[in-house]
**Q** 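Would you mind keeping the following structure in view while I ask a few things?
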Amino acid sequence: MELPEDTPLLNWIHGRSPTDLWVGGLSGTILHWNGSEWSDFSVEQDEAIWGIYAHSATEVICVGGESRWGGESAKILRLEGDQFQSVELPPEHEELSNLFKVSHYNDRFWMIGVGGALIALDNAIPTAIPTGITQDLVTIHKNVIV
């Protein structure tokens, strides 16, 4: 599959069907595949997109943060209409450098990251969930965190 010209390194993909695929990459790159062409939903930021989850055609969340190529803080982006908007991190995680993956379970988006960070997003309101873990959490699937 040919990507748009000058597409940087892509890090993650999630989709609901062969005609609804989302990919994220370096420097805020977000692309959508509709089965025949790519649309660019990228945001202006230095941070990489490390995880994407499409719960429905209108409910898509991206997470990311720093990489060796740039950026310095964790990011949550939420699809609103035809563009992604930043979601403010909960106060407990304002200094967080990275969120790695996002999933959806029990009507919430769940995000994990450095230092055992776990954030639940319900109705666009992020809530920090204490884990007691200090190691990085790097992947999540439904209700399984690793």
**Q** Drop me the distance from Leu21's CG to Leu31's CG, to the nearest 0.5 angstrom.
**A** 11.0 Å
**Q** Which hydrophobic side chains are connected to Trp69, either touching it within the sub-4.5 Å cutoff or through other members that do?
**A** Leu9, Leu26
**Q** Locate the shortest heavy-atom distance separating Lys101 from Val138; write the atom from each residue and the value.
**A** CG-O, 3.1 Å
**Q** Drop me the distance from Trp33's CH2 to Ser39's OG, to the nearest 0.5 angstrom.
**A** 10.0 Å
**Q** May I ask you to decide if Gly115's main-chain N or O and Asp136's side chain share a donor-acceptor pair within less than 3.5 Å?
**A** yes
**Q** State which residues pass side chain to side chain contact (heavy atoms under 4.5 Å, CB included) with Thr127; sequence neighbours excluded, sorted by chain then number.
**A** Ile129
**Q** Between the main-chain N or O of Ala54 and the side-chain N or O of His14, is there a donor-acceptor pair closer than 3.5 Å?
**A** yes
**Q** Between Thr131 and Gly116 (side chain of the first, backbone of the second, donor and acceptor by atom type, cut-off under 3.5 Å), is there such a pair?
**A** yes
**Q** Which heavy-atom pair separates Asn11 from Ile49 by the least distance, and what is that distance?
**A** ND2-O, 3.0 Å
**Q** Does any non-hydrogen side-chain atom of Glu47 lie less than 4.5 Å from one of Ser73?
**A** yes
**Q** Just how far is it from atom CZ of Phe84 to atom CD of Gln45, taken to the nearest 0.5 Å?
**A** 11.0 Å
**Q** Honestly curious: do Trp110 and Ile61 fall in one hydrophobic cluster under the side-chain, below-4.5 Å linking rule?
**A** yes
**Q** Can you run down the side-chain hydrogen bond (donor to acceptor under 3.5 Å, both in side chains) pairs that involve residues 15-25, sequence neighbours left out, and say none if there aren't any?
**A** Arg16-Asp20, Ser17-Thr19, Asp20-Trp22, Asp20-His32
**Q** Checking side chain to side chain contact (heavy atoms under 4.5 Å, CB included) against Ile52, which of Leu77, Ile30, Ile13 comes through?
**A** Ile30
**Q** Identify the heavy atoms of Ser67 and Ala48 that sit nearest to each other, and give their distance.
**A** CB-CB, 4.2 Å
**Q** Could you report the tightest heavy-atom contact between Phe100 and Leu137, atom names first, then the distance?
**A** CD1-O, 3.2 Å
**Q** Nearest 0.5 angstrom please: Glu5 CD to Glu2 CD, how far?
**A** 9.0 Å
